[in-house]
Number of protein chains: 2
Amino acid sequence: MPESGRGPGQGTRGPDRRARRREETRAQILDLAVAIMTDEGVAGLSMASLARALSIQPPSLYKYFPSRMAVYDELFRQGQLANLEALRSGMRGAAPGMDAVAAGMEAAGRWAVSHPVLAQLLFWRPVPGFQPTADAFAPALEIVDQLRRALRDAAAAGQVHPDAASDQGMAVLSTLHFGMLSQHLANDVGSDWDHGRYTRLHHQLIAMFVSAYPPAAR
Amino acid sequence: MPESGRGPGQGTRGPDRRARRREETRAQILDLAVAIMTDEGVAGLSMASLARALSIQPPSLYKYFPSRMAVYDELFRQGQLANLEALRSGMRGAAPGMDAVAAGMEAAGRWAVSHPVLAQLLFWRPVPGFQPTADAFAPALEIVDQLRRALRDAAAAGQVHPDAASDQGMAVLSTLHFGMLSQHLANDVGSDWDHGRYTRLHHQLIAMFVSAYPPAAR
DNA sequence: GTCTATAGGACGATAGAC
DNA sequence: GTCTATCGTCCTATAGAC
């Protein structure tokens, strides 16, 4: 039997496989965490319940996440990334300007509505003691940037007033967007995007925003 | 020493005093509960921490509230009542119609911003396993009723379109209101009403609502 | 990377004496 | 209505064998 690849020249596949397997297990843990949070509430996740769901003993979990808060942080980070990716994907499929803003926000909203537990973790503060790390929070800042750039495009195209891309305009837009999502999450979870009492207001809310920042007369 | 009022004719003051003292203690418990929730998070309240704050033993608490959820329910009920009272008070000080709507919502918003912990309990779902009883939830329905009636007045006075008082109009209005409050609670707690990035949008949001439901031409 | 064992608590709630 | 005592349960996290 030849040396099986240990030592300095242990090769590239062994560690890769191990790392891949580890990532798969981490992903499985996070999936089960979401399932538990769905049943027990966002703040109701415990390492013990997570271990039961995985049919392993609690100490084994700590090989994958150093603490309960680290699980929340990774959920937060991946949730923000997925939300950002939804926004980008929606924007790519639309013409630059207000169309991109509306399409991006609709795509992000659809993502949030279909991931209500993660949305609560991202948009509210339901877990005592949890604060996302700067790294996990970064995609949220990128979302604001993306929207602001699209609003500048819209202003340049004469679709809205330049003030739409101001801090105040961004605050108005996020109020409309997260207001709709908050009302949905608190009062209308279960309805899907196209039938929700609040989510179906999406187009009207965008129109209200445009009316609030009409393009300057030329 | 005369008989101190026991027996069949024990009088009316004795029990009253006892009942009053009991209510004072309950109120003190609820005050401390809010303080703990401010420090530990809304979902971080425990009977043990409450007993420590009161310098009594945990079992004594159960003479005043039968369970931890009963504490949350009473906080929810009194919070809803206070919020309703703020709305009514604001509306009373304004002319009927949209002025009353705007003044009532501003007063309710000011109450929420100055009671952020209770506001989270009322507007979000942060406590695993807690659902308010119908009794505790009743004032929330009354708030909707009050606003809808004021919007009907506004429509009758030709200030807005009658659709403003429709289910959809109410959904839009609540989206604006709770969107502003949610954004404030999640991102800008600490700022007061007049200086908050979101709360200062109040008048603009009301104006956007009116623009969205302009009165029918006569 | 899995386990057993366990430290070391905190918690909700109840029983029963006073 | 206060206490002591306690039940039974849950928890996070670590130590150390394999």
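Proteins get letters first, then strands, A, B, ... in listed order; numbering begins at 1 in each.
The stretch residues 47-61 of chain B touches DNA chain C through B/M47, B/A48, B/R52, B/P59, each having a heavy atom within less than 4.0 Å of the strand. Contacts with DNA chain C (heavy atom under 4.0 Å) in residues 71-79 of chain A: none are found. Looking at residues 22-37 of chain A, you'll see that no heavy atom sits under 4.0 Å from any atom of DNA chain D.
Atom CE in B/M105 sits 4.5 Å away from atom CD1 in B/I206 (nearest 0.5 Å).
Applying the salt bridge (charged side-chain N to carboxylate O under 4.0 Å, His left out) test to every pair with at least one member in residues 40-52 of chain A, sequence neighbours left out, gives no pairs at all. Sorted by first then second residue, the salt bridge (charged side-chain N to carboxylate O under 4.0 Å, His left out) pairs that include residues 129-144 of chain A, not counting sequence neighbours, are A/R88-A/E142. Listed by first and then second residue, the side chain to side chain donor-acceptor pair (under 3.5 Å) pairs that reach into residues 120-132 of chain B are B/W124-B/S182, sequence neighbours excluded. Identified under the salt bridge (charged side-chain N to carboxylate O under 4.0 Å, His left out) test for residues 102-124 of chain A, with sequence neighbours left out: A/E106-A/R110, A/R110-A/D194.
Counting only distance, with no hydrogens or angles, the side chain of B/T25 and the backbone of B/R21 share a donor-acceptor pair below 3.5 Å.
Side chains of B/E74 and B/Q78: a donor-acceptor N/O pair is present below 3.5 angstrom, by distance only.
Of the two residues near DNA chain C, B/K63 and B/S46, the one whose nearest nucleotide lies more 5' is B/S46.
For DNA chain C, the outermost nucleotides in 5' to 3' order that have an atom under 4.0 Å from a heavy atom of chain B are C/dC11 to C/dA15.
In terms of the side-chain contact (heavy atoms from CB on, under 4.5 Å) criterion, residue partners of B/A103 (sequence neighbours excluded) are, by chain and number, B/A94. Applying the side-chain hydrogen bond (donor to acceptor under 3.5 Å, both in side chains) test to A/S46 and every residue at least two apart in sequence or in another chain returns A/S49. Partners of A/D73 according to the side-chain hydrogen bond (donor to acceptor under 3.5 Å, both in side chains) rule, which considers only residues two or more places apart in sequence or in another chain, are A/T133. Checked against ring pair (Phe, Tyr, Trp, His ring centres under 6.0 Å), A/Y64 has no partners two or more places apart in sequence or in another chain.
The shortest distance between side-chain heavy atoms of A/D167 and B/R197 does not fall below 4.5 Å.
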